[in-house]
Amino acid sequence: MTESTPSANRLASLSISDTSVRNALLHVVMYGAAFLFVLPYLWMISTSLMTREDAIASGMNWIPNPVSVGSYMQLFTGSLILEWTINTILIASVTTLLVLLCDSMIAFALTRLDWPGQRYVLGLIIASFMVPGFVNIIPLYSLISELGLINNYLAVILPFVAGPLGVFLLVQFFRDIPYELQEAAQLDGFSTVRIYTHVILPLSKSILSALGLFIFVWSWNQFLWPLIVLQNEAAYTLPIGIVVLRDTFTYQPSLTMASAILASGPLFVVFLLLQEQLIAAVEMQGVT
Amino acid sequence: MSVTERVDAIRRLVSSENRSRKELIEGVLFSLPYLAIFVVFLLYPLVMGGYMSLFDWNAITPAESTFIGLENYTTMFADPAFWNALGNTLYFVAITVPGIVVVALGLALGVNRDIKGKGILRTVFFSPYILTVSVASIVWIDLYSTQYGVINHYLGMVMSNPPQWLQSRLFAMPALAIMTMWWLAGFSFVILLSARQSVPEYLYEAARLDGAGSWRMFRDVTLPQIRHAIFFVIIINLVWGFQVFGQPYIMTGGGPGKTTETLVMYLYQAAFNQRSFGYAAAVGYVLTGILVVVSIANYYFLGGSND
């Protein structure tokens, strides 16, 4: 600006300091909120490392003194937490693989192949988004028990695989893959199966890993449905197991917090390593 | 591949009758694994639930169930416990949905600003969402504890009589709502942040040239541009809110005095404590009806009807 006057300068410097005050305030508010969000984690970790007596003592100690891993030892030796962890990993992994396989296959058929009726199939799957999970709980339970699948992990896995979310996201993605690629592959004599495995799937790695991670986390975290169909304590998943544990060991916050950390720790590590994929899966749900 | 082979391949592709039959078979084969599971474990139970809701269902020998027409529904509407559970669920939704949307929007707009450590803040605000409901619940039971909880330890320093939280008729539901906001706001936050980041910057520059202040830019640029994301976030939180189960089941058991018993808990108890499967199926259908109405109403009042 060529014709700046002293008063305009003063105004400019005033507004600079004004924005820096605002900026400082923004940092205070945002980091204050972040601190509140983190507080429960700090409490979990610190309580889990206390002795039983320290954890229920009145007054607030944030630093465990002495640091004790007794609660963790007690969980490993005196509970089924290892079995529950294995069950949970197994269920979440098989669910994820099945979802990725079945959903990508039908999404491929719906977008890359041309057959009558595919619009109705897609419409039906999309419409099932409107069905809230709990409406099916009772008839599903009846079906599962008639099939003799109570306490069987398939009872947890299969209803989850039936969900429409993955099909929906993959259809959106597959649609945008250029058809020229597919035609070129057909001219080179690729079979349909090979186009699926060697053209479409490799091009969709990013969305498949995002969806896979999202499904893994959701399936790891399921509560109500496994609670209903897994009735034998050794067959429990972590989310159910730790609630039962808490009812058994009342007034032992150090033990409860240690169990909470063991139940969420593995997932948390995965999250910290792969959070971009997980966040991408969430963002896609907002966009589509 | 030689030229003649190529020509043959093209000819095979073009012979359309062969092709359409082939694609029909392939289409069906590729769809089959998912469709089989979808039909058996989603569509069939959906229809079956409606059928069961018309019976006094015999859980042990379904063949001996008695047809009772709409009696399950009339019993439900005459049961004060049903209305109590519906009222509690509405109350929970009325606190959490606006709470989550406002908190998530505030955090998203804050992180979008010129702030240090955006990545860390995003991780922190999103992270509770990856916890299972039982971890979040048992941690917050202890945070709310009146004997050794953090919350009342610090509240006790500024007020003489901090709330009894989960034991209090007045505060139990708000306590569940606060915990739920912490647990689930991250999902909405990520969606709103991504929507805000995709608003083109030139819109703000144009508004700035017109002399718009930050409030006007928020009202006239940001809000209309991220309207769809806000709509989505409201709907999904409504759907989750109406299905709330884990938090009250684990943290309060529906108490004190049924003040936190929600609709899904009511359904769960009808089915697995009283073994009234037909009745519980009817409750499921009514809940679904409520959700469909809520979603449609939202669509008309808030959503995409005006594009």
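A, B, ... follow the sequence lines: proteins, then strands. Residue 1 opens every chain.
Only the side chain of B/I250 comes within contact range of chain A, with at least one heavy atom under 4.5 Å from a heavy atom of that chain. Residue contact with chain A, scored on non-hydrogen atoms closer than 4.5 Å, is absent for B/L263. Only the side chain of B/V264 has a heavy atom closer than 4.5 Å to any heavy atom of chain A. There is no contact between A/V270 and chain B, counting heavy-atom distances below 4.5 Å. Contacts between B/Y51 and chain A at a heavy-atom distance below 4.5 Å are absent for every atom of the residue. For chain B, no part of A/F216 is nearby; none of its heavy atoms comes within less than 4.5 Å. With a 4.5 angstrom heavy-atom cutoff, B/S198 does not touch chain A via any of its atoms. The parts of B/I130 that come within reach of chain A are both its backbone and its side chain, each placing non-hydrogen atoms under 4.5 angstrom from that chain. Interface remark: A/V99 contributes no atoms to any contact with chain B (heavy atom separation under 4.5 Å). Heavy-atom distances place both the backbone and the side chain of B/A280 under 4.5 Å from chain A. Looking at A/L98, neither its backbone nor its side chain comes within 4.5 Å of chain B, counting heavy atoms on both sides. With a threshold of 4.5 angstrom between heavy atoms, B/S214 approaches chain A through side-chain atoms but not through N, CA, C or O. When heavy atoms are compared at a cutoff of 4.5 Å, A/M44 approaches chain B solely by way of its side chain, counted from C-beta outward. The contact between A/L158 and chain B is made by backbone and side chain atoms together, counting heavy-atom distances below 4.5 Å.
A 4.5 Å side-chain heavy-atom check between B/N58 and B/P62 finds every atom pair outside the cut-off. At a threshold of 4.5 Å between non-hydrogen side-chain atoms, the residues A/F168 and A/I125 do not count as touching. The shortest side-chain heavy-atom distance between A/S259 and A/R246 does not fall under the 4.5 Å cut-off. In this structure, A/F268 and A/Y41 have side chains that are in contact, with non-hydrogen atoms separated by less than 4.5 Å. A heavy-atom distance below 4.5 Å is not found between the side chains of A/V161 and B/F41. Residues A/Q285 and B/F187 form a side-chain contact, since some pair of their non-hydrogen atoms from C-beta on lies under 4.5 Å apart. In this structure, A/Y236 and A/P226 have side chains that are not in contact, with every pair of non-hydrogen atoms separated by 4.5 Å or more.
Most heavy-atom pairs under 4.5 Å with chain B: of the set A/P40, A/C102, A/S264, A/A260, this distinction falls to A/P40. In terms of heavy-atom pairs under 4.5 Å with chain A, the best-connected choice from B/G246, B/A229, B/P128 is B/P128. Contacts with chain A were tallied for B/D142, B/V39, B/V47; B/D142 has the most, counting heavy-atom pairs under 4.5 Å. By number of non-hydrogen pairs under 4.5 angstrom with chain A, the leading residue of B/S127, B/S53, B/G49 is B/S127. Listed options A/A109, A/P239, A/P159 were ranked by heavy-atom pairs under 4.5 angstrom with chain B; first place goes to A/P239. Ranked by non-hydrogen atom pairs under 4.5 Å with chain A, the options B/V124, B/I115, B/V286 are led by B/I115. The candidate from B/I25, B/L43, B/L29, B/I141 with the greatest count of non-hydrogen atom pairs under 4.5 Å with chain A is B/I141. Among the candidates A/G117, A/G163, A/A107, A/P164, the residue making the largest number of heavy-atom pairs closer than 4.5 Å to chain B is A/G163. Per-residue heavy-atom pair counts under 4.5 Å with chain A were compared for B/V133, B/I120, B/L46, B/I236, and the maximum is reached by B/L46. For the set A/I261, A/I240, A/L227, the entry with the most heavy-atom pairs within less than 4.5 Å of chain B is A/L227. Taking chain B as the reference chain and counting heavy-atom pairs below 4.5 Å, the highest number among A/F108, A/Y31, A/Y196, A/W220 is found for A/Y31. Annotation: maximal heavy-atom pairing with chain B below 4.5 Å, among A/A33, A/A263, A/S104, occurs at A/A33.
A donor and an acceptor atom, one from each side chain of B/S137 and B/Q247, are nowhere located under 3.5 Å apart.
B/R122 has a carboxylate O that lies under 4.0 Å from a charged side-chain N of A/E276, or vice versa, which qualifies the two as a salt bridge.
Put simply, the side chain of A/Q118 gets close to the backbone of A/L113: a donor and an acceptor are under 3.5 Å apart. A donor-acceptor pair under 3.5 Å links the side-chain atoms of B/K118 to the main chain of B/R113, judged by distance alone.
For B/W182 and B/W140, the ring centers are positioned less than 6.0 Å apart. With ring centers used as reference points, B/F277 lies under 6.0 Å from A/Y141. Taking the centre of each ring, B/F126 and A/F271 come in below the 6.0 Å mark.
Using the six-membered ring where Trp is involved, B/Y249 and B/Y268 have ring planes that are perpendicular, over 60° apart on the 30 and 60° scheme.
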